[in-house]
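Down below is the structure, laid out as structure tokens.
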Number of protein chains: 2
Amino acid sequence: MGINAVFEALSHPVRRRILALLKNGPLSAGELAGHFDLTKPTLSVHFNKLKEAELVAVERRGTSLIYHLNTSILEEALTGLLSLKDQEP
Amino acid sequence: MGINAVFEALSHPVRRRILALLKNGPLSAGELAGHFDLTKPTLSVHFNKLKEAELVAVERRGTSLIYHLNTSILEEALTGLLSLKDQEP
DNA sequence: CTATTATTTAGAAATTCTTCTAATTAGAGT
DNA sequence: ACTCTAATTAGAAGAATTTCTAAATAATAG
């Protein structure tokens, strides 16, 4: 958990693209999968890493699972990056 | 190369710590290695990933190799992260 | 309760990552 | 040229990642 999981989750282009898609609003697992040339199980693994990092949250609606972006954790990553650049001890 | 290598490089805690150490000024490979419980060859591999991502630059001084932080690439990563959060297409 | 739809979990193969020890390269000084 | 110091490259072992197919779970509809 923690900032480690966040940066690890951000390290894969597919996962960054998932976050970019969710930026415009929540999407179901199937809708997200439709944007990639990968199988649903593969996407499911990526969803799990984003969930572990708490970069996304899930909500069930009927038979669908809806993924939401968690912007507060993204901001944590931003803060972490800024701290590598700024003049703070 | 590119943003992909940058996020991949940022995904390991040792490499983020190296960047944090370089934030306060350039350091030699040996000085950097002194901050970790890892062998010098292991650190050398981490240096290489940071170099591939262009997050650091190297300069030789005598027998030492001096590593510098490249803040402009860090800013590229920041921009990339911001784009996942902001309302830009 | 069975069938359907949406998605996940399980298991396996290929690849990449992290780390080590041993050997090599590069520069400086004697 | 030889030696010392600084750091890297090479090779290998173990762990983790990415991806797939096949099977399982969960909720809804008839």
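Residue numbers start from 1 in every chain, and the chains themselves are labelled A, B, ... in the order their sequence lines are given, proteins ahead of strands. Computed over heavy atoms, backbone and side chain alike; hydrogens, waters and symmetry mates excluded.
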Rounding to a whole Å, what distance do you find between [X]:[atom1] and [N]:[atom2]?
X: A:H12; N: C:dC17; atom1: NE2; atom2: C1'; result: 14 Å
X: B:N4; N: C:dC17; atom1: CG; atom2: P; result: 11 Å
X: A:N48; N: C:dT7; atom1: CG; atom2: C1'; result: 11 Å
X: A:K51; N: C:dT7; atom1: NZ; atom2: P; result: 12 Å

Just jot down the side chain to side chain contact (heavy atoms under 4.5 Å, CB included) partners of [X], sequence neighbours excluded, or say none.
X: A:S11; result: A:E8, A:R15, B:E8, B:S11
X: A:K51; result: A:N48, A:V56, A:V58, A:Y67
X: A:E75; result: B:K85

message = Checking contacts here: which listed nucleotide (C:dT7, C:dC17, C:dT9) is nearest the side-chain heavy atoms of B:K49?
response = C:dC17

Nearest non-hydrogen partners of [X] and [Y], listed with the distance:
X: A:L22; Y: A:H68; result: CD1-C, 4.2 Å
X: B:V6; Y: B:L55; result: O-CD1, 4.1 Å
X: A:I73; Y: A:A53; result: CG2-O, 3.5 Å
X: A:N4; Y: B:R16; result: OD1-NH2, 2.7 Å

task = Please list, by residue number, the residues of residues 58-69 of chain B whose heavy atoms come closer than 4.0 Å to an atom of DNA chain D; answer none if no residue qualifies.
result = B:T63, B:S64, B:L65, B:Y67

key: Sub-4.0 Å heavy-atom contacts from residues 36-47 of chain A onto DNA chain D, ordered by number   = A:L38, A:T39, A:P41, A:T42, A:V45, A:H46

query = Is there a donor-acceptor pair closer than 3.5 Å between any side-chain N or O of B:N70 and the backbone N or O of B:A57?
reply = no

query = Do the side chain of A:R60 and the main chain of A:G62 share a donor and acceptor less than 3.5 angstrom apart?
reply = yes

task = Measure the shortest side-chain to side-chain distance between A:F36 and A:T42 over non-hydrogen atoms and say whether it is less than 4.5 angstrom.
result = no

In one Ile/Leu/Val/Met/Phe/Trp/Tyr side-chain cluster, 4.5 Å: B:L43, B:V45 = no

query = Heavy atoms under 4.0 Å, any strand shown: does A:E8 hit a base, just sugar-phosphate, or nothing?
reply = sugar-phosphate

task = Please list, in 5' to 3' order, the outermost nucleotides of DNA chain D lying under 4.0 Å from any heavy atom of chain A.
result = D:dT17 to D:dT28

